[in-house]
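Below, read A as the first sequence line, B as the second, and so on, with proteins coming before strands; counting in each chain starts at 1.
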Amino acid sequence: MKPNTEVKVGKLILKNPVVTASGTFGYGLEYSQFFDLSLLGAIVIKGLSINPKEGNPPPRIYETPCGMLNSIGLQNIGYSYFVKEKLPFLKRFDTKIIVNFFGENLREYIELAERLNDTDGVHALEMNVSCPNKNSHWRKMGLIPELLKEAVREVRKVTDKTLIIKLSPQVTDIAEMAKICEDEGADAISLINTVPAMVIDIKTRRSVIGNPVGGLSGPAIRPIALRMVWEASKVVQIPIIGIGGIITAEDALQFLIAGAKAVAVGTANFINPLSAMEVIKGIENFLITEGIKDINDLIGTVTD
Amino acid sequence: MKPNTEVKVGKLILKNPVVTASGTFGYGLEYSQFFDLSLLGAIVIKGLSINPKEGNPPPRIYETPCGMLNSIGLQNIGYSYFVKEKLPFLKRFDTKIIVNFFGENLREYIELAERLNDTDGVHALEMNVSCPNKNSHWRKMGLIPELLKEAVREVRKVTDKTLIIKLSPQVTDIAEMAKICEDEGADAISLINTVPAMVIDIKTRRSVIGNPVGGLSGPAIRPIALRMVWEASKVVQIPIIGIGGIITAEDALQFLIAGAKAVAVGTANFINPLSAMEVIKGIENFLITEGIKDINDLIGTVTD
Amino acid sequence: MNKINKLKIIKNQALTDEIHLLSLKVSDPLEAKPGQFFLLKMNERYDPLLGRPLSIFDLEGDKISFLFRVKGKGTKILSKLSLGEEIQITGPFGRWYPFPQGEFAVIAGGIGIASVFYLIKKFPERAYLFYGARNLSEILFYEELKNLCKEVFISTECGRGEYKGVVTETFREKGLKLNLPIYACGPMIMIKELRKILEENQSNLQCFVAVEERMACGLGACLGCVIETTEGFKRVCTEGPVFKIDELKL
Amino acid sequence: MNKINKLKIIKNQALTDEIHLLSLKVSDPLEAKPGQFFLLKMNERYDPLLGRPLSIFDLEGDKISFLFRVKGKGTKILSKLSLGEEIQITGPFGRWYPFPQGEFAVIAGGIGIASVFYLIKKFPERAYLFYGARNLSEILFYEELKNLCKEVFISTECGRGEYKGVVTETFREKGLKLNLPIYACGPMIMIKELRKILEENQSNLQCFVAVEERMACGLGACLGCVIETTEGFKRVCTEGPVFKIDELKL
Ligand SMILES: Cc1cc2nc3c(=O)[nH]c(=O)nc-3n(C[C@H](O)[C@H](O)[C@H](O)COP(=O)(O)OP(=O)(O)OC[C@H]3O[C@@H](n4cnc5c(N)ncnc54)[C@H](O)[C@@H]3O)c2cc1C
Ligand SMILES: Cc1cc2nc3c(=O)[nH]c(=O)nc-3n(C[C@H](O)[C@H](O)[C@H](O)COP(=O)(O)OP(=O)(O)OC[C@H]3O[C@@H](n4cnc5c(N)ncnc54)[C@H](O)[C@@H]3O)c2cc1C
Ligand SMILES: Cc1cc2nc3c(=O)[nH]c(=O)nc-3n(C[C@H](O)[C@H](O)[C@H](O)COP(=O)(O)O)c2cc1C
Ligand SMILES: Cc1cc2nc3c(=O)[nH]c(=O)nc-3n(C[C@H](O)[C@H](O)[C@H](O)COP(=O)(O)O)c2cc1C
Ligand code: FES
Ligand code: FES
């Protein structure tokens, strides 16, 4: 018998716990040539802002040992264009659409959350609190507990759709940040975003990417992400979406066992466009082999 | 002409900027069968405590993508045995001996620093502020600015040998932590210690090592370490020893260019016992090829 | 429809110290157009992590070939793979060279030949090829090219071959006056030089160039491979790699 | 003096689906004793990162051999390396089997044979070998062993071969009464079983066992490979891999 793989994240029911990580799956379209997107638990869209954003100057990516550095700079097409040009296509699939979003300041976060709340076809909001706007105090909302508290509170007020907070790993105590989200009414948290990192070209003595610092992703950071998910899951009740270097079903299962309710496949999509599919299949096989009838019986079963 | 590779770290003059990272080079002895230790800039000894320490239960290590997890638990032979059995051997080499040390509480830190200050043959002290004693408030001195401040201040009082503070990467703002060390009179800082991380065996649903969480090291974390060295070097004047995933001379040069005065070779020693040697040779070759007469002219020359 | 294929290596030959010809056996029928590329993943482990973009060099029957220069870790590993080993290729990706209507001029600098060979082959006896390299030993497939092209002009920096100097100089002298649409691939400095020549001569010849940028996904999703154009950032993998030369900000 | 050697592969043969015999050509003279091991680094990249410990299986003239079971990523890569490729081996490391004075008993479970073969070979016609495996096809080098040993007792779990059941059972029946010092290598469960048998029989026979633990440095520096003994943690790489069985906390 096929085991149950349905999980609940806030008000969303995902047919399986595998979603795509924001920024690594474009607007879905790009991957629809490889497989049926309806098979996914959910699609998380590339970070959206109210207005289109050009992003950072190239070069934007660089390969590191078992990882990659990126400084895309949150390039995106903006809310209106997204709703007009991308959403209709996405609605054709039987999966959940989660929109990752950000603003230049708290006001923009609130405004965009309001609009997304009223947008048909958007099932949930993932709030990226590692917004890299250097001129804004609010840029630090992912790093400073007080700012995070206020930001989540304000955004929570304007949406009753499932609100997920995507946290930055650049903190001492990820559990504290997770707890703040829970206390302020967030429905779930996503862990982790990329880790700030740098590579220097020793010939030019400059960063190998357009910005000095980029975000590290891929298998290299997986053990760090897993530790954070485990730490957070011990203090919050709300679901956690585990993210970071997940390539195979085994990787994903580690996160589920550590306490994640769902997982997002990120950099792996670049290496193999079918990664998310293979993770879904592999999880199912594992459940069958281990005789686990419901994936929810596996989640958080790690013993210290 | 052979370029100058001498660098100054506090009161120490290192013949070249390459040292070994604490815990990855044992007590030196183990590697003396492979090369002449006198060739090293310095040897940093495995973390020492006043009394011998048994360390954590096995298994203690696990390989991760381009990195490794360890939970050695600071096993060491203790101060007295070190002085009696290891130091005489180390004195035979024409290199600097830096003792990495820690205590169960601040009092022990101070006491051991006092003793090391009076110990002939110990040239400098590296204070490990990521001490994993779970029962002590002081355990967090690497994470909480106020604790770090007091700890560095107190230890500084009891030694006039070169005092290096080895910082934890598990903070939001590494530059702030570095600045505290400088303000409290530390001579140098070492960046970074391992990154807390975790791997789960999906069959047993337990951590693959004896402790749930271990420390991640190796090339996987190099871009993270480099970013931190760069950030810290922008706010402090005292020398930084760059550590994290350095395998080749090119890796080491990235750290020097980012602002590190010296570098430590860690996990690389396990892969190739001659790593430190090859890094020294490679740096020299680079200086020659690039026509740089003094390594100090290279340090910190990155352009944003 | 882009596909992921695991293909067997049937040839992996060093043509020079640095340049290798890799041929794979195609199982399912594969279609790709000149100027398009594939992502090649060297091994199953995570170092190197990403696929490496290589232009389709040739595709005939059940054999697809890539011509590559060993540059860093990825291509080094690629150059050492043995016959019979399998390798994952994803693609084809990107915009191809717009098909030439009649005769056309091609400018290839060094390994740039990898991108235009298939174009020349698809439209035999219509190309005037300007092909340059550092020295004669890096001029590859001379006989084939001679047969496929209307004419071949070889330039080398060391001065052996027909013309001494960079390939764009030879083109300035012999190529401009042909008045044909131009297809070019080579190092950035060659592209810049070519644009200067076109501008100086107030030429309004159509000129298509294939450019390179580091890539992750290859299919337009990561936004990692953008270059600056007159219309803002464009993705080399999907809006390129073939661009009109006057679109580029050089 | 331990050394780092880059050696050419002269043989890499699958003996069963899972077990491979790897032989390398020794350039500089190499000395190693039975029970010692080397760290083998599969490639120059960082995934896999660490060397893998393998016991010296055989060393003769200018050829050193390892016998290994494909277990995970490292050994899988190892099993696929081609003839002529070079591989870095560091060592020899660790304490060897104390040399037997006269005759001796050997117990090998599965791939444990890799650790004791060289011991048997060094002291020919003195060993009584108890060798067990899941099934007959995993009993390797039977003819050689037959020639090298005084006697060979083969046990398989499936029941083919001479004895049915686990190797320790055969030893209990046929081995104890030989009253010889014991050298054993095999899975932990076999070691535990062996100790139980010795205890139950109040035997005070000398018994040396080689054990495994994950390793990083192989030379005593990282403290990563410790196991629990009656005298606290000991490093398998330097205080082992050969221990007296009653030292171990099982
Ligand atoms: C569309 C396209 C088609 C190409 N076709 C060919 C071809 O047919 N033959 C050929 O020899 N080369 C071609 N290249 C260049 C080739 O992709 C790079 O030389 C190769 O990726 C270098 O990888 P490496 O691991 O050997 O080098 P490394 O320097 O170790 O690579 C490190 C990283 O930089 C990237 N990188 C390095 N140089 C380049 C580059 N010039 N372009 C893009 N990414 C780069 C790599 O992909 C990798 O992510 C093409 C590039 C593109 C974008
Ligand atoms: C002293 C010693 C001698 C050995 N001799 C042999 C031999 O002659 N033949 C043979 O087939 N095997 C031998 N082993 C076991 C062998 O080292 C492991 O099977 C091998 O390291 C597995 O690596 P992998 O990458 O294939 O597996 P993976 O599971 O992918 O390895 C992941 C990590 O776990 C470690 N690891 C996994 N299993 C073991 C193990 N049993 N012991 C130590 N580390 C392990 C690996 O080194 C690596 O760091 C020996 C082990 C030791 C300690
Ligand atoms: C190219 C790229 C673009 C990304 N863009 C975004 C983004 O727009 N918003 C966001 O919250 N995270 C973004 N991320 C972070 C990923 O969603 C994910 O958190 C991170 O990459 C770690 O997962 P991975 O290791 O599986 O890639 C991006 C990551 C990459 C590699
Ligand atoms: C096995 C092991 C033991 C270590 N022990 C210590 C220690 O005792 N004290 C300390 O300050 N750092 C210790 N470290 C951290 C290293 O000194 C170094 O900071 C870290 O490994 C990052 O460098 P690397 O990536 O080059 O290994 C240890 C690291 C490893 C891998
Ligand atoms: S490589 Fe990802 S968008 Fe071009
Ligand atoms: S492997 Fe490092 S001490 Fe044994």
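- At least one side-chain heavy atom of B/Arg227 sits less than 4.5 Å from a side-chain heavy atom of B/Ile224.
- Your options are B/Glu290, B/Arg206, B/Glu231, and the one with the most heavy-atom pairs under 4.5 Å with chain A is B/Arg206.
- Taking the side chain as every heavy atom from C-beta outward, B/Leu256 and B/Val7 never approach each other to under 4.5 Å.
- In this structure, A/Glu146 does not pair ionically with A/Lys149, as no charged nitrogen and carboxylate oxygen lie closer than 4.0 Å.
- Per-residue counts of heavy-atom pairs under 4.5 Å with chain A were compared for B/Glu250, B/Met228, B/Lys203, B/Gln170; the largest is that of B/Gln170.
- Chosen from A/Val199, A/Asp173, A/Asp251, the residue pairing most often with chain B at heavy-atom distances under 4.5 Å is A/Val199.
- Annotation: side chain of A/Arg222 is in contact with side chain of A/Ile247 (closest heavy-atom distance under 4.5 Å).
- Heavy atoms closer than 4.5 Å to chain B are found in the side chain of A/Phe286, but not in its backbone.
- If you measure heavy-atom distances from B/Val213 to chain A, the contacts under 4.5 Å come from the side chain alone.
- Ranked by non-hydrogen atom pairs under 4.5 Å with chain A, the options B/Ser207, B/Pro212, B/Gly67 are led by B/Pro212.
- Of all the listed residues (B/Ala225, B/Ala220, B/Ser168), the one sharing the greatest number of non-hydrogen pairs under 4.5 Å with chain A is B/Ala220.
- Counting heavy atoms from C-beta on, the side chains of B/Leu148 and B/Leu167 come closer than 4.5 Å.
- If you measure heavy-atom distances from B/Leu143 to chain A, the contacts under 4.5 Å come from both the backbone and the side chain.
- Here the options are B/Thr267, B/Asn269, B/Asn70, the test is side-chain hydrogen bond (donor to acceptor under 3.5 Å, both in side chains), and the partner is B/Thr24; only B/Asn269 passes.
- Salt-bridge check for A/Lys179 with A/Glu182: passed, with a basic side-chain N closer than 4.0 Å to an acidic carboxylate O.
- Residue contact with chain B, scored on non-hydrogen atoms closer than 4.5 Å, involves the side chain of A/Thr64 exclusively.
- Ranking B/Asp304, B/Thr303, B/Val302 against chain A, the residue ahead of the rest is B/Thr303, based on heavy-atom pairs under 4.5 Å.
- Between A/Ile61 and A/Ile209 there is no side-chain heavy-atom pair separated by less than 4.5 Å.
- Residues A/Ile180 and A/Pro145 approach most closely at CD1-CB, 3.5 Å, considering heavy atoms.
- Contacts of A/Val195 with chain B are made by side-chain atoms alone, with heavy-atom separations under 4.5 Å and no backbone atom involved.
- No other option in A/Asp201, A/Val229, A/Thr301, A/Thr204 has as many heavy-atom pairs under 4.5 Å with chain B as A/Thr301.
- If you measure heavy-atom distances from A/Ile202 to chain B, the contacts under 4.5 Å come from both the backbone and the side chain.
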